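Note: hydrogens, waters and symmetry copies are ignored here, and every other heavy atom, side chains too, is used. Note that the structure is predicted; figures quoted are calculated from it, not measured.
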Amino acid sequence: MGKKVSVVIPCYNASEYLGQCLEYLLQQTIGIENMEIILVDDASTDNGATRDLIVDYELRFPDTIVAVFLERNLRQGGARNAGVFYAGGEYLIFCDADDWILKETLEHCYRAAKEHDADVVEFNRINVGERDISVALEQGNGSHLIELDTEEKRKEFILDLKKGDYGSQNKLYRLSMIRENHIVFPEHLIFEEIYFALPARLYAGRYYFLDERLYVYYVSPGSTIRSDWGKKHKWDNLRVWVLLVGDLEQKGLLQKYDQELEYLFLRLGIGYMLAMLYPEYVLKKEEWKFLTDSVKKLFPAVLQNVYLKDDSNPDNRVWNDLLQEWLTMEITDESVQEANQFMMECTQR
């Protein structure tokens with residue numbers, strides 16, 4: 001008999017905190033016999049500490065824990081792909097090694113998935129800045145199902161950033177949907193989650209929002225995105241989107257949702273990247289030019305985007321005006337200085 005849920009955890013030099021993540025998983029109310037935990041050691045460099053811990057847990061729980069050891073580092077995306085390859089559950093969930101999930105998470109998500117025949121169950125998360133903290137289950141009254149049975153419904157759904165997010169961890173996925181549609185992560189890049197989460201929204205027929213706070217996200221000052229190392233990879237978000245657009249075009253999805261995906265790229269691809277850079281890093285003149293040229297190369301008709309020209313939504317009006325001004329501005333020392341000043345002011349509000 002297959003397991004109900006496969007949990008994939010990428011592990012890189014994770015010996016200090018992986019144990020806490022696993023202890024919460026092993027206490028899941030769904031029952032240890034109904035889940036499998038796939039630990040993927042992403043070529044850790046901590047003198048075998050992470051590997052030894054994984055082996056220890058695998059020996060203690062041989063019917064539950066599957067250990068995978070990569071020969072070379074593929075980053076979170078590649079490690080998750082390796083875990084999905086070995087997954088045998090009906091549903092799939094990701095958890096980072098420095099985060100944890102509440103003991104009710106798998107039971108509540110799986111029950112919601114079965115009751116509503118959902119391809120994806122999305123749930124809430126809480127951000128914490130310390131590990132020695134007790135997080136209680138919080139349940140709201142906003143749980144609901146979205147049936148994505150028309151193109152218009154899906155267009156509205158993928159653009160509605162108030163309905164869920166494009167992270168990959170706070171979701172339960174039907175494994176067959178992921179495999180049948182070849183939904184994967186990019187390797188060797190950060191900001192990789194959109195590459196997986198967006199296609200999942202495009203392929204899901206029934207998407208359920210579970211209004212329960214079930215995932216605990218540890219906000220580490222030394223995390224990949226917040227570290228200086230992350231600033232060195234400032235173009236990774238752009239690279240991920242270039243790969244994603246190419247993949248969606250091959251699958252025929254770009255043609256079907258071209259306006260929506262184009263606008264989403266401006267909001268999440270460019271907007272999120274700039275928000276993460278400033279105020280610690282300020283783009284130089286040649287970098288602004290590179291960014292502008294890259295956007296126009298990827299989407300040549302971007303200035304004619306129907307959502308970019310739509311002023312009916314007050315929440316989008318300022319952002320839309322800014323995008324149009326930026327994409328049409330002449331790249332000069334003065335214009336770059338003004339753009340940088342504006343970005344500094346926005347991120348410091």
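Between Leu238 and Ser294, the closest side-chain pair of non-hydrogen atoms falls below 4.5 Å. Two residues are said to be in side-chain contact when any heavy atoms from C-beta on lie closer than 4.5 Å; Arg213 and Val135 meet this criterion. You'll find the side chain of Met343 stays beyond 4.5 Å of the side chain of Leu277, heavy atoms only. For the pair Met273 and Leu291, the minimum side-chain heavy-atom distance is below 4.5 Å.
Distance check: Asp160 CG to Leu264 CG gives 11.0 Å after rounding to the nearest 0.5 Å. Interatomic distance, CZ of Phe299 versus CG of Leu254, reported as 6.0 Å (0.5 Å rounding). The OH atom of Tyr173 lies 11.0 Å from the SG atom of Cys109; values are rounded to the nearest 0.5 Å. The CD1 atom of Ile183 sits 6.0 Å away from the NZ atom of Lys251 when rounded to the nearest 0.5 Å. Rounding to the nearest 0.5 angstrom, the gap separating the CG atom in Leu274 from the CG atom in Leu283 is 6.0 Å. Distance check, rounded to the nearest 0.5 Å: CG of Asp247 to CH2 of Trp241 gives 12.0 Å.
Classified by interplanar angle (parallel below 30°, tilted 30° to 60°, perpendicular above 60°), the ring pair Tyr207/Phe209 is tilted. By the 30° and 60° cut-offs, the orientation of the rings of His116 relative to Tyr208 is parallel.
Across Cys21 and Cys95, no two heavy atoms sit closer than the pair SG-SG, 3.8 Å. The two residues Thr45 and Asn13 have their closest heavy-atom pair at N-OD1, 2.7 Å. Between Glu287 and Val282, the closest heavy-atom pair is OE1-O, 4.1 Å. The heavy-atom pair separating Ser15 from Ala49 by the smallest distance is OG-CB, 3.6 Å. Considering all non-hydrogen atoms of both residues, Glu260 and Ile158 come closest at CB-CD1, 3.6 Å. The shortest non-hydrogen separation linking Leu175 to Ala87 is CD2-O, 3.8 Å.
Under the 3.5 Å distance criterion, the side-chain polar atoms of Arg80 are left unmatched by any main-chain donor or acceptor of Val40. Side chain of Lys171 to backbone of Asp165: a donor-acceptor contact under 3.5 angstrom is found. Remark: the backbone N or O of Asp211 is paired with a side-chain donor or acceptor of Ser143 at under 3.5 angstrom. Checking side-chain atoms of Asp42 against main-chain N and O of Leu70 turns up no donor-acceptor pair under 3.5 Å. Side chain of Asn305 to backbone of Tyr307: a donor-acceptor contact under 3.5 angstrom is found. In terms of modelled atom types and a separation under 3.5 Å, the side chain of Asn170 and the main chain of Tyr215 share no donor-acceptor contact. Of the possible donor and acceptor atoms, one in the side chain of Gln20 sits under 3.5 Å from a partner among the backbone N and O of Arg131. In terms of modelled atom types and a separation under 3.5 Å, the side chain of Gln169 and the main chain of Asp96 share no donor-acceptor contact. Looking at Arg179, its side chain does come within 3.5 Å of a backbone N or O of Val84 through a donor-acceptor pair. Looking at Arg51, its side chain never comes within 3.5 Å of a backbone N or O of Ser44 through a donor-acceptor pair.
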> Going through the checks in order, is the side-chain hydrogen bond (donor to acceptor under 3.5 Å, both in side chains) test met by Tyr12 and Asp98?
Replying inline: CA-CA 10 Å; Tyr12 179 73; Asp98 55 348; over 6 Å; no

>> Walk me through whether Asp293 and Lys297 qualify under salt bridge (charged side-chain N to carboxylate O under 4.0 Å, His left out).
In response: CA-CA 6 Å; Asp293 291 345; Lys297 182 179 179 181; over 6 Å; no

>> One pair to check against side chain to side chain contact (heavy atoms under 4.5 Å, CB included): His233 and Leu189. What are the steps and the verdict?
In response: CA-CA 8 Å; His233 290 253; Leu189 298 169; 5.9 Å; no

> Given the rule in the side chain to side chain contact (heavy atoms under 4.5 Å, CB included) test, do Glu36 and Tyr86 qualify, once you have shown the distances and angles that lead to the verdict?
Replying inline: CA-CA 10 Å; Glu36 65 177 1; Tyr86 287 96; over 6 Å; no

> Can you check salt bridge (charged side-chain N to carboxylate O under 4.0 Å, His left out) on Asp56 and Arg60, steps first, answer last?
Replying inline: CA-CA 6 Å; Asp56 176 62; Arg60 290 164 55 194; 3.3 Å; yes

> Hey, mind stepping through Val216 and Tyr24 against side chain to side chain contact (heavy atoms under 4.5 Å, CB included) and telling me if it holds?
Replying inline: CA-CA 11 Å; Val216 184; Tyr24 274 96; over 6 Å; no

> After noting the C-alpha distance and the side-chain angles of Glu90 and Tyr110, does the key distance pass the side-chain hydrogen bond (donor to acceptor under 3.5 Å, both in side chains) rule?
Replying inline: CA-CA 9 Å; Glu90 184 182 358; Tyr110 183 80; 2.7 Å; yes

>> Between His188 and Leu74, does the side chain to side chain contact (heavy atoms under 4.5 Å, CB included) criterion hold? Intermediate values first, please.
In response: CA-CA 5 Å; His188 304 295; Leu74 300 178; 3.6 Å; yes

> When you look at Asn340 and Tyr278, which way does the side-chain hydrogen bond (donor to acceptor under 3.5 Å, both in side chains) test go after all the steps?
Replying inline: CA-CA 9 Å; Asn340 284 333; Tyr278 288 85; 2.4 Å; yes

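Arg154 forms no cation-pi arrangement with Phe157, by the criterion of a distance under 6.0 Å to the ring centre and an angle within 45° of the ring axis.
The side-chain contact (heavy atoms from CB on, under 4.5 Å) with Thr50 is formed by just one residue from the set Asn47, Asp52, Ile54; it is Ile54. Each of Ile32, Ile65, Thr64, Ile101 was compared with Leu25 under the side-chain contact (heavy atoms from CB on, under 4.5 Å) criterion, and only Ile101 meets it. With respect to Met35, the side-chain contact (heavy atoms from CB on, under 4.5 Å) criterion is satisfied by exactly one of Gln28, Lys3, Glu107, Lys4: Gln28.
The local environment of CD in Glu325 is sparse, with at most 12 non-hydrogen atoms from other residues, nucleotides or ligands closer than 6.0 Å. Annotation: Lys296, atom NZ; neighbour count of heavy atoms from other residues, nucleotides and ligands within 6.0 Å is above 12. For Glu334, the CD atom sits in a loose shell: 12 or fewer heavy atoms of surrounding residues, nucleotides or ligands are nearer than 6.0 Å. Within a 6.0 Å radius of CD in Glu156, no more than 12 heavy atoms belonging to other residues, nucleotides or ligands are found. The number of heavy atoms from other shown groups lying within 6.0 Å of CD (Glu151) is above 12. Within 6.0 Å of the NZ atom in Lys155, the count of heavy atoms belonging to other residues, nucleotides or ligands exceeds 12.
Judged purely by distance below 3.5 Å, without hydrogens or angles, the side chains of Glu193 and Tyr166 never pair a donor atom with an acceptor atom. Side chains of Tyr263 and Asn320: a donor-acceptor N/O pair is present below 3.5 angstrom, by distance only. Remark: the Gln27 side chain and the Glu23 side chain contain no N/O donor-acceptor pair separated by less than 3.5 Å.
For Phe185 and Phe94, the ring centers are positioned less than 6.0 Å apart. For Tyr218 and Tyr17, the ring centers sit 6.0 Å or farther from each other.
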